[in-house]
Amino acid sequence: MVEEKVTLVNEIGLHARPASKFIRESIKYKSRIDLIKNEKVYNAKSIMGVLSMGAGKNDEIIIRAEGEDEVEAVKNLVHLLKYEMGE
């Protein structure tokens, strides 16, 4: 299992379009991927899971992956949130 904490920098957080982009990236990996916010766990491959998290700008979340491509998944998803969500 691999996990990393990240602070959301996107102005609107993980809502609608950014959530969809994040999920499209998440489903590329075989690993189970979860998002953790305030000790609650959400499925990173589910639009309902990601949207129900209610993550906004400056919120800290943890991306956790478990499986054969866990290192690559966490690395790429953290990069996506930090540098490619400029909406």
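Atoms considered below: every heavy atom in the structure, side chains included; atoms not considered: hydrogens, waters and symmetry mates.
Using a 4.5 Å heavy-atom cutoff, the side chains of R64 and V74 are not in contact. Inter-residue side-chain proximity for L35 and I62 is flagged as unmet; no heavy-atom pair is nearer than 4.5 Å. Here the side chains of E66 and S31 are not in contact, with every heavy-atom distance at 4.5 Å or above. Annotation: side chain of I61 is not in contact with side chain of K5 (no heavy-atom distance under 4.5 Å). Contact check for Y42 versus D34: no side-chain heavy atoms found under the 4.5 Å cut-off. V6 is listed as a side-chain neighbour of K82, based on a closest heavy-atom distance under 4.5 Å. No side-chain heavy atom of I23 sits under 4.5 Å from any side-chain heavy atom of S46.
I47 and L80 fall within the same hydrophobic cluster, where Ile, Leu, Val, Met, Phe, Trp and Tyr residues are linked whenever their side-chain heavy atoms come under 4.5 Å apart, directly or through other members.
A16 and L51 make their closest contact through N-CD2, 3.5 Å (heavy atoms, listed as atom of the first residue, atom of the second, distance). Residues A55 and L8 come closest through the heavy atom pair CB-CD1, 3.4 Å. Between A73 and A65 the shortest heavy-atom distance is CB-CB, 4.3 Å. For the pair K37 and M53, the tightest heavy-atom approach, listed with the atom from each and the gap, is NZ-O, 3.3 Å. Between V78 and E4, the shortest heavy-atom distance links the atoms CG1-OE2, 3.6 Å.
Atom NZ of K28 sits about 11.0 Å away from atom CD1 of I33, to the nearest 0.5 Å. Rounding to the nearest 0.5 Å gives a distance of 11.5 Å between NZ of K21 and CG of L14. Between E25 atom CD and I27 atom CD1 the span is 9.5 Å, to the nearest 0.5 Å. Here the CG atom belonging to L77 is positioned 4.5 Å from the OG atom belonging to S26, to the nearest 0.5 angstrom. Rounding to the nearest 0.5 Å places NZ of K30 at 14.0 Å from CD of E70.
Among pairs with a residue in residues 57-81, those fulfilling ring pair (Phe, Tyr, Trp, His ring centres under 6.0 Å) read H79-Y83, at least two apart in sequence or across chains.
At a threshold of 4.0 Å, the pair E72-K75 does not count as salt-bridged, since none of the basic side-chain nitrogens sits closer than that to a carboxylate oxygen. Salt bridge K57/D59: absent, no basic N to carboxylate O contact under 4.0 Å.
The only member of I63, N76, N10 that meets side-chain contact (heavy atoms from CB on, under 4.5 Å) when paired with L81 is I63.
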